[in-house]
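Accompanying notes for the structure given below.
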Amino acid sequence: MSELERAAELILDAETVVALTGAGASADSGIPTFRGKDGLWNRYDPRELATPEAFAKDPEKVWKWYLWRRKKIAEAEPNDAHRILARMEEEGLLEAVITQNVDGLHQRAGSERVIELHGNIWRDECIDCDYERMNDPERGEGLEYDELPPRCPECGELLRPGVVWFGEPLPPDALVEAEELARGCDVMLVIGTSGEVRPAADLPVIARQHGARLIEINPSETQLSHHMHVCIRERAAPAMRRLWEEIRAMR
Ligand code: APR
């Protein structure tokens with residue numbers, strides 16, 4: 001039995017399947033990953049762009065980088081990995097997507113239950129009051145501002161992108177929900193993550209400790225590979241297309 005057939009069988013036999021996605025799930029949409037050969041952290045220093053200290057030091061520089069990323073994401077389309085996960089949810093084969101990604105492509109592909117562990121790049125949040133605004137890229141929102149860094153329309157303080165920076169806590173509700181799903185699932189489909197950043201990287205281990213079978217879809221070996229029951233060494237979009245074919249053939 002091929003790894004793909006084993007993965008399809010595990011998914012069909014499962015009561016509850018959950019996906020955990022990382023930057024690799026959006027790579028086939030043309031969105032750069034963070035690590036690996038063309039990774040963003042090879043070109044940029046995260047300490048200069050993705051920490052509260054960096055924002056305090058130079059909010060305009062941080063905003064320029066996030067607007068550059070928003071533009072790339074706005075020009076991108078969900079790929080078959082996003083679309084098939086949404087289809088699996090629609091057909092009752094997937095409970096939820098837990099994502100480390102901030103690009104919103106799972107939602108654009110039609111996924112309903114998406115737990116965003118690291119926030120969403122399209123949200124603006126005030127650093128002082130509780131003002132926040134979710135921009136809609138499909139209406140061209142959030143791609144440019146009259147002034148950089150933009151200011152809160154309510155209190156005049158700085159706005160920031162609604163993402164989790166290094167050294168910041170994850171949104172507590174999202175983390176609690178993700179851990180509950182990890183404890184309760186029978187299968188976790190781990191797609192496109194290096195497993196380098198915790199607590200997201202702990203979720204597959206929690207799932208396995210609670211009896212779940214783990215499936216990894218990633219062209220490379222990762223820090224999590226040794227926990228996996230099935231490894232599909234392929235890019236997410238083609239792998240999900242083949243997995244979906246296999247599931248439909250076995251159903
Ligand atoms: N399909 C599937 N996986 C892919 C593809 C692809 N087409 N291309 C690359 N990958 C894999 C890489 O092999 C790597 O294992 O995706 C993974 C990307 O790893 P990272 O860039 O580290 O992304 P991620 O694991 O999501 O990073 C976690 O780190 O910088 C922070 O907050 C950021 O959410 C991010 C977190």
Side-chain angles (χ1 to χ4, degrees), residues 4 7-8 10-12 14-33 69-123 132-143 161-163 171 173-174 177-178 180-182 184-193 200 203 207 215-218 232 234-251:
L4 203 87
L10 287 173
I11 288 168
L12 287 169
E15 277 290 303
T16 307
V17 179
V18 168
L20 170 69
T21 63
S26 295
D28 293 322
S29 296
I31 309 289
T33 60
R69 286 182 62 198
R70 282 184 178 180
K71 190 165 178 301
K72 280 192 84 62
I73 294 164
E75 290 160 357
E77 289 297 323
N79 65 64
D80 279 341
H82 301 110
R83 279 194 280 267
I84 291 166
L85 286 171
R87 185 74 187 278
M88 285 175 68
E89 180 189 39
E90 201 182 314
E91 304 218 359
L93 287 170
L94 185 80
E95 179 61 33
V97 176
I98 303 166
T99 189
Q100 301 170 83
N101 300 339
V102 297
D103 54 35
L105 290 178
H106 285 298
Q107 294 92 321
R108 275 177 60 192
S111 285
E112 302 275 325
R113 191 173 177 194
V114 180
I115 293 104
E116 294 180 315
L117 294 178
H118 296 165
N120 187 303
I121 198 168
W122 293 106
R123 191 170 46 248
E132 61 178 59
R133 170 198 159 87
M134 183 54 106
N135 296 289
D136 180 354
E138 301 193 31
R139 294 177 34 209
E141 297 172 351
L143 291 167
V163 298
D173 298 352
E177 188 178 0
E180 273 165 16
L181 284 162
C185 69
D186 307 300
V187 169
M188 182 175 277
L189 194 48
V190 181
I191 306 174
T193 183
L203 293 169
I215 301 165
E216 180 176 60
I217 296 181
N218 195 317
I232 299 171
E234 202 175 335
R235 300 177 66 88
M240 287 300 290
R241 279 194 291 272
R242 292 192 323 113
L243 179 60
W244 185 235
E245 289 305 311
E246 197 57 44
I247 287 171
R248 295 201 315 195
M250 282 185 174
R251 253 184 151 181

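- The two atoms that bring Ala8 and Met250 nearest to each other are CB-SD, 3.8 Å, heavy atoms only.
- We find the CD1-CZ distance between Ile73 and Arg108 to be 9.0 Å, quoted to the nearest 0.5 Å.
- Remark: Arg242 does not engage Glu246 in a salt bridge, criterion side-chain N to carboxylate O under 4.0 Å.
- Among pairs with a residue in residues 93-107, those fulfilling salt bridge (charged side-chain N to carboxylate O under 4.0 Å, His left out) read Glu95-Arg113, at least two apart in sequence or across chains.
- At least one donor-acceptor pair under 3.5 Å links the side chain of Asn101 to the backbone N or O of Ala23.
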Notebook entry, point to check: Going through the checks in order, is the salt bridge (charged side-chain N to carboxylate O under 4.0 Å, His left out) test met by Glu91 and Arg251?
Noted result: CA-CA 12 Å; Glu91 304 218 359; Arg251 253 184 151 181; 2.6 Å; yes

Note to self: Please evaluate residues Ile215 and Val190 with respect to the criterion side chain to side chain contact (heavy atoms under 4.5 Å, CB included), reporting the C-alpha separation (whole Å), side-chain torsions for both, the decisive distance (0.1 Å), and the verdict.
What the structure shows: CA-CA 6 Å; Ile215 301 165; Val190 181; over 6 Å; no

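- Using modelled atom types, no side-chain atom of Ser29 and backbone atom of Ile31 make a donor-acceptor pair closer than 3.5 Å.
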Note to self: Checking Arg241 against Glu245 for the salt bridge (charged side-chain N to carboxylate O under 4.0 Å, His left out) test, could you report, in this order, the C-alpha distance in whole Å, the side-chain angles of both residues, the deciding distance, and whether it holds?
What the structure shows: CA-CA 6 Å; Arg241 279 194 291 272; Glu245 289 305 311; over 6 Å; no

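- Across all their heavy atoms, Arg87 and Trp244 have their closest contact at CG-CZ2, 3.5 Å.
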Checklist line | Audit row: Leu117, Leu203, side chain to side chain contact (heavy atoms under 4.5 Å, CB included) steps and yes/no | finding: CA-CA 11 Å; Leu117 294 178; Leu203 293 169; 3.8 Å; yes

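- Counted by atom type alone, Gln100 and Thr21 present zero donor-acceptor pairs between their side chains at under 3.5 Å.
- The environment of Arg139 atom CZ is sparse: at most 12 non-hydrogen atoms of other residues, nucleotides or ligands sit within 6.0 angstrom.
- Interatomic distance, Ile232 CD1 to Met240 CE, rounded to the nearest 0.5 Å: 8.5 Å.
- One distance of note links NZ of Lys72 with CZ of Arg69; it measures 11.0 Å at 0.5 Å rounding.
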Next item on the list: Show your reasoning for whether side chain to side chain contact (heavy atoms under 4.5 Å, CB included) applies to Leu12 and Ile247.
Entry: CA-CA 7 Å; Leu12 287 169; Ile247 287 171; 3.9 Å; yes

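- With hydrogens and angles left out, the side-chain atoms of Ser26 and His106 include no donor and acceptor closer than 3.5 Å.
- Pairing each heavy atom of Asp28 with each of Ala236, the nearest pair is OD2-N, 3.5 Å.
- A side-chain donor-acceptor contact under 3.5 Å links Asn79 to the backbone of Ala25.
- The CZ atom of Arg83 sits 11.5 Å away from the OG atom of Ser111 when rounded to the nearest 0.5 Å.
- Using modelled atom types, one side-chain atom of Asp186 and one backbone atom of Thr16 make a donor-acceptor pair closer than 3.5 Å.
- Looking at every heavy atom in both residues, Leu20 comes nearest to Ala200 through CD2-O, 3.8 Å.
- Between Gln107 and Glu116, the side chains place a donor N or O and an acceptor N or O closer than 3.5 Å (distance only, hydrogens not considered).
- The closest side-chain heavy-atom distance from Ile217 to Leu189 is below 4.5 Å.
- Although no hydrogens or angles enter the test, the distance criterion places no donor-acceptor pair under 3.5 Å between the side chain of Glu141 and the main chain of Asn135.
- Here Ile98 contributes atom CD1 and Cys185 contributes atom SG; the two are 7.5 Å apart, rounded to the nearest 0.5 Å.
- Listed here is the closest heavy atom pair of Leu181 and Ile115: CD1-CD1, 3.4 Å.
- Panel note: side chain Arg123, backbone Val163; no donor-acceptor pair is recorded below 3.5 Å.
- In this structure, Leu85 CG and Leu105 CG are separated by 12.0 Å, a value rounded to the nearest 0.5 Å.
- Here the shortest heavy-atom pairing between Ile11 and Met88 reads CG2-CE, 4.0 Å.
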Check: Checking side chain to side chain contact (heavy atoms under 4.5 Å, CB included) for the pair Asp80/Arg235: CA distance, chi angles, key distance, verdict?
Finding: CA-CA 11 Å; Asp80 279 341; Arg235 300 177 66 88; over 6 Å; no

